[in-house]
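Whatever order the structure lists ligands and atoms in, that order sets their numbers, starting from 1. Predicted, not measured: the structure shown is a model, and the values here were computed from it.
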Amino acid sequence: MTVQWPEDLDDLEVALLTNVGALPAGAAGRIDSAAALAPGSALTAKELDDVVEAQLDSRHLDHVARWLRARGLGYYTIGSAGHESNALVAAALRPTDPALLHYRSGGFYLARARQVAGHDGARDVLLGLLASADEPIAGGRHKVFGHADLAVIPQTSTISSHLPRAMGVAFAIGRAARLGVLLRWPHDAIAVTSFGDASLNHSTAQGALNAAAYAAHQGMAMPALFVCEDNGWGISVPTPAGWVQASLSARAGLRYEQADGTDPVAVHDVTEELAEWVREERRPAVLHLRTVRFGGHAGTDVESGYRSAAGLRADRDRDPLLATAQVLIAAGATTPLAFVQRYLAGRSRLRERAEELFAERRPLDSASTVMAPLSPRRPDAVAELAACAGDDGERSAFFAKLPESEGRLTLAETINRTLGEVLGADRRVLVFGEDVGAKGGVYGVTRGLQRRTGASRVFDTLLDEQSILGLALGAGVSGLVPIPEIAVPSASPRIDCSSRSVSKTLAEPIRRWS
Ligand SMILES: Cc1ncc(C[n+]2csc(CCOP(=O)(O)OP(=O)(O)O)c2C)c(N)n1
Ligand SMILES: [Mg+2]
């Protein structure tokens, strides 16, 4: 039996289906789908068969993005094609582990969505491609992977800006357990974040990795899994061979493991082992995931201008979908023909879905629709928080003398007393920065606070403003109430990179998460 291929398959699709069709058939139908796929592995054919659904949908969505763009119906074309082995990373984690994802982690997102009953991850992505105001996390203003139900914290494509935040989420998990306060995530969760090989060189990424390792070096809990999705390119600039491994494998305080996207069982098993180590040890680790990039950086990128035809062809043999198909076929869980049919059925299904959602979408067609979710005023929430101040008994226990009976105060003293009020009223409040602990701040603003609350709640950080803000953003989105101090105004250009990415497109998500 043969299958009729549609005429509009592109080169990547033709290469994949041809390669799958040429795979030797296994012992179809004669396997135990609940048995491990390899000795020592926990991954079964049944589980891999589920993951492949996420991988296929991710690939289809990338094609759909360009199909929509070509017809003037969609906008964003940066995809995940070639990176779909990241779906196995998701499969090896828990759906409650908070994740901050690279823009190529579509496979991860869809695999995570499959772990949460009733969630339609493809719909989320399609609404982002269509810039629909109903898109669940950015209100259609960006194609962003994120959803509160999936513990996927949205981020923008400002390279590496989410890594300090991920470090902050990991910190929050550890600190909340110590303080005995509840977070959005379970106490034994780990924070996972993915990023590209070129992004690794960004000072923001370096700062986050350093801050995570610095914390771990001091024995602080830092359950963070960093995943470097290494496709060898940063738009048109090749990453020097061996650089990612050399840079990441010899870092103090950071465990390093690697896996190749062409070996799905290994990706799953290495991630599972590493994630459990992070969960148990509360220490940071990095997974170096080797991938390929298909279709250039984005739809507008002409790869042939800077890559050889032979290099591009060679990548097609490293297609993670081909690799998964190969394992499933060899295990007898499917056949080449059935896999090709499944691919083509999914392709049609997602195109139809895109057309349906295009018809239903709520377009961003006016300034007010675009602005509606931005910087919402929440006087009710402010009033609620303001009413949380401790009663006079609690306040007397905190302050030797109540602030209102102290007489005239300087501005610094007023801030100090206000910080005291909120620290005394709510155990989720943390104050941190450079020199805010034992010294009490370069300007004396935090004087005496650490002595009264303990060093778990008022503490010194390392000398890196981006990490201080990352800590705050990660702790805030996790459910703590961070009060970071930046002592030196000249640090502001460095802060800009972290805060801009949040303010630009994440106002809506932050509102929904807060
Ligand atoms: C701070 C910042 N600088 C530059 C860019 C433009 N830019 C977007 S993606 C990219 C390359 C990233 O390469 P890599 O980290 O390897 O990820 P890949 O796209 O290969 O998955 C660049 C330079 C940006 N988005 N943010
Ligand atoms: Mg890259």
Any heavy-atom pair between the side chains of L357 and L127 that's under 4.5 Å? yes
Of all heavy-atom pairs linking R66 and T77, the shortest is NH2-O, 3.4 Å
inquiry  = Strictly below 4.0 Å, N to O, side chains only: are E281 and R255 in salt-bridge contact?
reply    = no
Can you give each donor-acceptor pair under 3.5 Å made by side-chain atoms of residues 192-201, sequence neighbours left out, with the distance rounded to 0.1 Å?
from	atom 1	to	atom 2	distance (Å)
T193	OG1	L100	O	2.9
S194	OG	H102	N	2.9
S194	OG	S105	OG	2.8
D197	OD1	N231	N	3.2
D197	OD2	G232	N	3.4
D197	OD2	W233	N	3.1
D197	OD2	T239	OG1	2.5
N201	OD1	W243	NE1	2.7
N201	ND2	A198	O	3.3

Query raised in the report: Would you say E276 has more than 12 foreign heavy atoms packed within less than 6.0 Å of its CD?
Result: yes
Review point. Going by heavy atoms, is Y103 under 4.0 Å from ligand 1?
Key: yes
The answer for which part of R293 has a heavy atom under 4.0 Å from ligand 1 is neither
Per-atom filter on ligand 1: closer than 4.0 angstrom to a heavy atom of H202 are 1 (C)
Do other residues, nucleotides or ligands put more than 12 heavy atoms under 6.0 Å from the CZ atom of R69?
no
- Pair R141 + E135: basic N to acidic O under 4.0 Å: no
_Salt bridge present between D57 and R353 (N-O < 4.0 angstrom)_ = no
At a cut-off of 2.8 Å, protein N/O/S around the Mg ion (ligand 2) gives D197 OD1, N231 OD1, W233 O
In ligand 1, the atoms that come under 4.0 Å of a heavy atom of S157 are 24 (C), 25 (N), 26 (N)
For H63, the ring pair (Phe, Tyr, Trp, His ring centres under 6.0 Å) test, sequence neighbours excluded, returns none
Under 4.0 Å from one or more heavy atoms of A198, ligand 1 contributes atoms 13 (O), 14 (P), 15 (O), 16 (O)
The option among V237, N201, I78, I159 carrying the non-hydrogen atom nearest to atom 26 (N) of ligand 1 is I159
To atom 13 (O) of ligand 1, the nearest of G234, G196, S105 on a heavy-atom basis is G234
query: What orientation do F171 and F459 show, parallel under 30°, tilted 30 to 60°, or perpendicular over 60°?
result: tilted
Sorted by chain and number, sequence neighbours left out, ring pair (Phe, Tyr, Trp, His ring centres under 6.0 Å) with Y256 holds for H288
Taking the basic N atoms (NZ, or NE/NH1/NH2) and the acidic carboxylate oxygens, is any pair closer than 4.0 Å for R123 and D134? no
| E229: heavy atom below 4.0 Å from ligand 1, yes or no? | no
Under 4.0 Å from one or more heavy atoms of S199, ligand 1 contributes atoms 14 (P), 15 (O)
Q: Would you check whether R104 reaches within less than 4.0 Å of ligand 1, judged by its heavy atoms?
A: yes
Within 4.0 Å of some non-hydrogen atom of H102, the atoms of ligand 1 are 17 (O), 18 (P), 21 (O)
So for N231 against ligand 1, with non-hydrogen atoms under 4.0 Å, the contacting part is side chain
